[in-house]
Amino acid sequence: MSDSRLRVLTYHRVLDPAQTTTLNASVISATPADFTRQMRHLAAHYRVLPAEEIVDAVRARRRLPPRAVLLTFDDGYRDFGEVAWPVLRRYRLPATLFVPTHYPDQPERVFWWDHLDRAFALTARTWISVPPLGILSLQGVAARRRSLRRVQQHLKTMPHAELTKAVRAIAGQLDDVRRTPADVLSWPELVALSRDGVTLAPHTRTHPALTQMPEAEARAEIRGSRDDLRQRIGAVLPIFAYPFGAHDDRVIQLVREEGFELAVTTVPGQNVLSRIDPLQLRRTNVGMRTGPFLFPLRLLNAFTAVDRWRQGIRRAADGEPLVRGIA
């Protein structure tokens, strides 16, 4: 295969922050207006490819077109269908939506990070005690946001069963025991999007950090999400997204054994397909700080080192551990 550079972009939510109480800015990738400008730029200057074409190129060891981009959206939030997809259709841009398959049509389930976000945002308390992090301030929006990020990063390093107990305990300490359903697309909506051209792909069933699970449970999450999608939409491409980007040699081998041919991480950077394991594709995460000037720059190969530096500076400022594959 000749050298073939692929840019993979990651989005989560496309929302106006003024219309939500979220403290977790990382789940909002762009406002609707900024997202529209970004897609207009991609349509004018890049070749946005469907995931199927990337899989075919890897199989055939075929060179991708110049300036190739894969657009990915994680977690199946409702605003993908309501906001992002109409824009993508307008510019005829294909996209892949990674779905944690145990959340659609399950009102009793909520993403744990969203549960914590609401608890931190709405509590009347001014501090919280979280072992081993100690006493964390909740005085003011900036302190709440900083403390929330520290708690979330700590939780991602815990075994999944312990994590769920810790989330309940922390939310209870903040006087929030309600479980607002995850704001995700329903199965009928996902099926309709698939028929309309969206590529749906597995993102596990319950969105755990696979590196923090026993092998049998991790395999069940990986295989189960693919089987759930097959039951709903039929054929599923062999492409997978690691929840939180968490991966190690053991998890990669499980994904390989389950027949996946492409998998995406949260490691920043671009991909030369002849030089990288296709089960460890790097992605550029788009966030609210990616303004109109910065977005075109982040698509350039020369900006990769800057992206990694920015990520390291942000994590250090927030007191986050630099854990492999955790973002």
Side-chain angles (χ1 to χ4, degrees), residues 6-20 22 26-55 68-106 111 114 181-204 207 225-226 228-230 232-237 239-241 243 262 264 283-288 290 292 295 298-299:
L6 174 66
R7 301 155 179 84
V8 185
L9 299 186
T10 309
Y11 287 83
H12 287 84
R13 309 206 65 172
V14 180
L15 289 174
D16 183 347
Q19 297 178 358
T20 178
T22 184
S26 64
V27 302
I28 302 180
S29 298
T31 66
D34 282 345
F35 181 74
T36 300
R37 283 189 284 268
Q38 292 166 6
M39 295 307 102
R40 185 185 304 128
H41 180 81
L42 288 177
H45 302 287
Y46 289 87
R47 288 286 301 277
V48 179
L49 303 177
E52 184 175 10
E53 188 167 339
I54 310 299
V55 172
V69 172
L70 176 66
L71 274 176
T72 66
F73 293 75
D74 286 7
D75 302 336
Y77 280 108
R78 178 167 301 281
D79 43 88
F80 173 82
E82 295 177 348
V83 181
W85 183 237
V87 176
L88 294 166
R89 285 195 65 188
R90 184 190 316 165
Y91 291 103
R92 299 182 180 179
L93 301 177
T96 297
L97 181 64
F98 290 109
V99 182
T101 56
H102 267 198
Y103 288 90
D105 300 329
Q106 298 296 324
F111 291 135
D114 285 339
D183 189 20
V184 297
L185 293 157
S186 68
W187 276 118
E189 290 167 329
L190 288 166
V191 170
L193 286 168
S194 175
R195 291 173 178 167
D196 202 28
V198 177
T199 297
L200 302 185
H203 197 27
T204 70
H207 205 291
S225 61
R226 179 193 58 205
D228 291 342
L229 282 174
R230 282 177 174 170
R232 297 286 183 169
I233 66 171
V236 177
L237 284 177
I239 180 171
F240 180 81
L262 297 180
V264 294
R283 292 197 287 179
T284 298
N285 184 63
V286 180
M288 287 295 293
T290 308
F295 181 77
R298 296 190 69 199
L299 292 163

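These numbers were taken from a predicted model, which means no experiment stands behind them.
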*Asks:* Between P86 and F80, which heavy-atom pair has the shortest distance, and what is it?
*Replies:*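 That closest heavy-atom pairing would be CD-O, 4.3 Å.
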*Asks:* Less than 4.5 Å apart, any side-chain heavy atom of F295 and any of L42?
*Replies:*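 Answer yes - side chains close enough.
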*Asks:* Using the ring centroid of each side chain, check whether F73 and F98 are separated by less than 6.0 Å.
*Replies:*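 Not under 6.0 Å, so no.
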*Asks:* Answer yes when D74 and R283 have at least one side-chain N-carboxylate O distance shorter than 4.0 Å, and no when they do not.
*Replies:*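 Counted as a salt bridge, because a side-chain N and a carboxylate O are separated by less than 4.0 Å.
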*Asks:* Can you tell me how far the OG1 atom of T290 sits from the CG atom of N285, to the nearest 0.5 Å?
*Replies:*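 Separation between the atoms: 7.5 Å.
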*Asks:* Look up atom CZ in R90 and atom OG1 in T36, then write down how far apart they are to the nearest 0.5 Å.
*Replies:*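 R90 atom CZ to T36 atom OG1 measures 5.5 Å (nearest 0.5 Å).
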*Asks:* Does a side-chain heavy-atom distance below 4.5 Å link L71 with T96?
*Replies:*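 Answer no - side chains too far apart.
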*Asks:* Are more than 12 heavy atoms from other residues, nucleotides or ligands located less than 6.0 Å from atom CD of E52?
*Replies:*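 12 or below, so no.
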*Asks:* Would you say that T72 contacts V8 through its side chain, given a criterion of any heavy-atom pair below 4.5 Å between the two side chains?
*Replies:*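 A side-chain contact under 4.5 Å exists here.
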*Asks:* Given side chains that start at C-beta, do those of D16 and I28 come closer than 4.5 Å, heavy atoms only?
*Replies:*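 A side-chain contact under 4.5 Å is absent here.
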*Asks:* Do you know the tightest heavy-atom contact between L70 and L6?
*Replies:*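 Smallest heavy-atom distance, with atoms named: N-CD1, 3.9 Å.
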*Asks:* Does D114 reach the side chain of Y77, with side-chain heavy atoms less than 4.5 Å apart?
*Replies:*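 In short, these two side chains touch, coming nearer than 4.5 Å.
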*Asks:* Hey, what do you get for CZ (R37) to OG1 (T31), rounding to the nearest 0.5 Å?
*Replies:*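 Here the rounded value is 6.0 Å.
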*Asks:* Measure the CG-CD distance between D79 and Q19 for me, rounded to the nearest 0.5 Å.
*Replies:*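 With rounding to 0.5 Å, CG (D79) is 11.0 Å from CD (Q19).
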*Asks:* Do D75 and Y11 have side-chain N/O donor and acceptor atoms under 3.5 Å apart?
*Replies:*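 There is no such pair between these side chains.
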